[in-house]
*Asks:* 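Pasting a structure below so you can have a look.
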Amino acid sequence: MHSVKQRKRRYTFTASLGLAMLLSSLGLAGSPARPRSSGTFHKGSLTLPLHRGGATPFEAFLPRLPSNCEAEMTITLAWDERENRVHARLQGQHVLVPHPTIRRTLGVDFFPNPIWPEQKDFSNGRYLLWILSPAQMITFYYDGVTRDVIGSEFEHPAPPPGATPLAVPGLKLFPSPFFQPDDEGNVDVEWSFAYDHVVRGDLPGFAHSFYTAPPANLCQANPFRYDQSTTIGYTSPARPAAEAMTFSDYLRNGLIFDITVEPPRYFTFPPVAGQTSFYSGATVVGGGIPRGWALDLDAVFMNNAPPIKPFAGAHSCRDYFVPRHNPNLNFCAAGATP
Amino acid sequence: MSRVMTVPRCLGILLPAVIAACTDAPRGEPISIASDESRIADGSTYNLHLEDTVRFTPIQPGSDPERGRRLFGLAADLETSDASQALFQGPSRAFGGVVVSNGRSCFTCHRGVQATALGLPPPPLSGAVPLTDPLFTGLDGDAQGDPDGMRNLDQLGLIKYRPHRFNLARPQSDPFRKFFAWRKAIRLVNLAFASGFLSDARGRAMFEVDRGAVFSHTQDSDDRFDDLFTVQDGNDLQAFQFGILSDPRLAALRDPDDPMYAVLVNDPFYTVPITTPAQRRGSEVFRRSCMTCHSTPNVFNNLSNVESLGDDTRPPNFPSFAPAVGRTFDVGVAERNRHHLRFTHDDGGGRFSPVVVPLANEDGSTTLLTVTFDLGLGAITGRTEDVGRFKVPQLRGVKHNAPYFHDNSAFSLEEVVDYFNGSAYNASKDGRRFPIHLDAHQRADLLAFLDIL
């Protein structure tokens with residue numbers, strides 16, 4: 001009886017996944033896919049189109065893409081807590097270049113980052129799809145004299161002597177297995193992971209990393225105004241698998257998807273993500289992000305403008321660099337406020 | 001009167017909420033109204049992860065509702081003003097100087113628990129509030145010199161809101177900074193059961209709502225003074241406001257461990273004093289025709305919510321991404337602009353110019369919309385699909401809460417029912433999805449039921 005129930009549950013899961021895939025493929029066949037979700041946090045599915053520039057962090061490098069940058073990819077997720085399974089499928093036609101070579105220019109579209117070690121150029125690259133979701137606060141430490149950021153609680157389990165702590169809202173993220181498109185640039189990747197134990201697809205011995213954008217220097221940080229603070233990106237090294245969260249922790253806080261290129265060998269270990277972006281999207285602000293629009297991170301954090309804005313790199317198909325979050329304010333200068 | 005629903009009665013009811021309500025509610029865990037419903041939520045307007053679950057924003061640990069009452073500006077009698085500890089003023093680094101309050105407090109627009117359910121009295125307001133009150137003398141805190149400000153406040157009970165006013169990173173000429181609307185002061189009773197706050201749902205957390213209200217109603221400029229509004233202030237204000245319930249029994253809905261939790265969830269009318277056949281028939285009309293939107297049992301606002309990071313992993317002044325709101329609806333009220341309200345920008349010197357906002361369409365194209373009515377959630381999300389969408393208000397004590405709708409455009413419950421039973425609602429965006437057609441008997445029964453809410 002138990003096996004029959006299990007078989008029935010498996011059948012139901014497969015059927016719902018099939019329905020989700022069908023809805024997804026219908027979207028691909030005709031008009032662009034629409035964001036859709038069904039079910040609950042316990043059991044359900046989600047289909048979301050991904051576009052160039054939809055949900056990218058500051059300082060992300062967006063290489064030009066096949067199909068004149070107009071193609072879209074579709075991510076479909078189906079989850080079942082009782083089956084303890086999440087199944088993902090990423091699809092797209094003429095969307096990516098296999099084994100890409102990426103060149104960035106120092107000071108133009110690549111800025112060395114003391115808290116995010118990253119390889120500047122990529123040869124024979126390989127792709128990862130990242131799934132991100134809002135997470136807890138992350139504490140950063142700042143030098144007591146220079147006020148420069150030193151690192152986070154993950155590099156410094158104990159506060160460095162004389163350091164000033166600052167807590168910043170973070171996101172958690174984990175990747176798919178590595179994948180490559182076929183010679184036509186088509187992608188059709190499927191993978192599964194446990195609902196109650198979300199680990200990296202490329203390195204199952206590790207779980208999530210944390211991402212955020214802390215102030216680079218406390219003199220350039222308005223404590224009440226993210227939109228008036230000079231920030232740099234940060235990604236923590238991957239956390240051990242023992243710290244894996246449940247998929248519910250991701251679903252309940254909304255999702256962001258982004259595809260990066262990574263070097264053929266990990267640049268650091270445990271690895272961090274690259275600051276590149278190919279196709280991205282989000283459900284974190286509701287309604288997905290339409291083609292040609294982008295997440296407005298300032299507005300998302302401050303809640304004082306619509307959370308999406310026109311993507312500045314739309315209507316052209318060139319390499320694009322998401323500008324640094326750098327208003328160049330100095331609140332330590334004489335007479336400066338606050 | 002028996003409050004236990006029988007199985008045959010359950011079988012005759014189609015609404016998912018009621019189907020779920022017929023099942024046994026497990027104690028100690030949230031009851032998911034839609035747990036077995038395969039509900040497709042297209043992504044055009046709503047958060048893709050909404051759940052219809054009886055689960056509400058928790059009160060922050062260590063909060064002090066009594067201090068919250070004092071900050072609110074309400075005396076211990078819960079009816080009169082005591083602004084002695086309510087004013088937010090003083091030197092502020094964030095403001096870049098000294099904030100001088102105009103004398104307003106939360107009480108100014110939310111006057112008394114019994115008197116107004118923490119709202120404003122019916123207009124004209126000058127009939128109940130002296131013109132020397134900060135409600136009038138502090139008008140420029142929100143109207144900022146708008147020539148229609150006093151008339152709309154006094155005669156219609158409407159306050160000017162600019163939801164993106166404190167975005168100092170954008171120029172004053174930005175259309176979203178210029179956008180404004182005329183709305184009533186929401187009655188705060190049963191606020192504890194809201195998901196997403198303010199009539200357009202833009203408030204992610206009460207901290208954000210209360211802080212914004214202090215910024216916008218107590219001084220004339222668009223400058224912020226975050227450092228005068230502490231996390232403890234926000235926690236205490238929320239704790240006080242969440243304690244204002246129309247019926248103390250409703251508190252059980254916030255606590256799955258309360259023995260009455262399952263009772264209130266499973267019988268949506270448990271606390272409604274139904275005594276006559278007309279009221280009972282009216283409850284069934286309400287169940288069929290109104291509870292698609294007014295779905296929270298015993299409160300009757302909308303239940304859909306997002307369980308975001310309300311688990312103390314972030315402090316309340318760092319809520320999750322915006323906007324993360326519950327479900328909103330466009331029932332056509334905003335579009336009709338019954339009071340012929342002006343939505344053009346006051347350029348000064350008697351000149352006015354249109355406010356034109358760029359809105360995203362689902363296909364990625366942009367609509368340049370000239371604002372001629374209150375855009376509701378559309379002005380918050382920047383999406384065409386959300387134009388005219390507003391939160392679903394709670395309905396307890398509704399007969400005492402006239403006038404109705406976000407723009408005070410219906411003066412009686414009869415008008416409200418006739419609106420939803422008429423062509424304007426049924427032709428609206430959500431009226432087409434959820435049509436309402438009542439005959440005269442059903443209308444009378446529904447009014448009898450609304451009268452006892």
Side-chain angles (χ1 to χ4, degrees), chain A residues 16 19 23 31-32 34-44 46-48 51 134-137 167-169 222-225 227-228 251-256 282-293 295-296 298-310 314 327 337-338, chain B residues 32 34-35 37-49 51 92-96 163-170 174 176-177 202-204 208 224 226-227 306-309 313-315 318-325 358 360-366 379-383 385-386:
Chain A
S16 60
L19 178 62
L23 292 170
S31 58
R34 295 179 66 192
R36 299 175 69 90
S37 75
S38 67
T40 69
F41 294 133
H42 307 291
K43 181 179 181 178
L46 165 73
T47 300
L48 189 75
H51 303 112
Q136 67 266 32
M137 306 294 283
V168 178
N222 183 328
F224 311 109
R225 299 277 308 280
D227 57 353
Q228 281 200 339
L251 273 178
R252 289 177 188 278
N253 291 294
L255 303 173
I256 300 173
T283 68
V284 75
V285 295
I289 299 172
R291 179 197 299 274
W293 291 73
L295 208 57
D296 183 340
D298 280 339
V300 159
F301 295 142
M302 299 293 292
N303 195 16
N304 57 10
I308 56 173
K309 61 183 179 182
T337 57
Chain B
S32 176
S35 60
E37 179 193 9
S38 181
R39 175 168 49 83
I40 300 288
D42 77 50
S44 61
T45 54
Y46 298 135
N47 189 296
L48 286 165
H49 306 294
E51 275 205 330
S92 163
R93 289 193 71 204
F95 189 77
H164 303 309
R165 174 176 165 183
F166 297 101
N167 186 339
L168 305 186
R170 295 195 179 194
D174 182 283
F176 285 105
R177 270 198 81 180
R202 72 181 182 275
R204 295 173 288 184
E208 190 169 71
R224 306 168 60 103
D226 299 65
D227 46 348
V306 180
E307 186 185 55
S308 55
L309 290 155
T313 55
R314 291 191 193 209
F318 281 113
S320 196
F321 285 14
V325 301
N361 298 313
E362 193 181 48
D363 64 2
S365 61
T366 302
I380 306 305
T381 62
R383 295 174 189 265
E385 293 90 341
D386 290 338

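Residue numbering restarts at 1 for every chain, and letters A, B, ... go by the order of the sequence lines.
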*Asks:* Provide the closest heavy-atom pair for A:Asn304 versus B:Asn167 in the form atom of the first, atom of the second, distance.
*Replies:*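 The pair with the smallest heavy-atom distance is O-ND2, 3.0 Å.
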*Asks:* Please report the closest heavy-atom contact between B:His164 and B:Ala379, naming both atoms and the distance.
*Replies:* NE2-O, 2.8 Å
*Asks:* Using non-hydrogen atoms only, which part of B:Phe166 is less than 4.5 Å away from chain A: side chain, backbone, both, or neither?
*Replies:*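 It is the backbone, since no side chain atom gets that close.
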*Asks:* Side chain from CB out, backbone as N, CA, C, O: work out which of these in B:Ser365 comes under 4.5 Å of a heavy atom of chain A, or both, or neither.
*Replies:* backbone
*Asks:* Side chain from CB out, backbone as N, CA, C, O: work out which of these in B:Arg224 comes under 4.5 Å of a heavy atom of chain A, or both, or neither.
*Replies:* side chain
*Asks:* With sequence neighbours left out, what residues match A:Pro290 under side chain to side chain contact (heavy atoms under 4.5 Å, CB included)?
*Replies:* A:Trp293, A:Ile308, B:Ala360, B:Arg383
*Asks:* Please list, chain by chain and in numerical order, all residues satisfying salt bridge (Lys or Arg N to Asp or Glu O under 4.0 Å) with B:Arg170, sequence neighbours excluded.
*Replies:* A:Asp296, B:Asp174
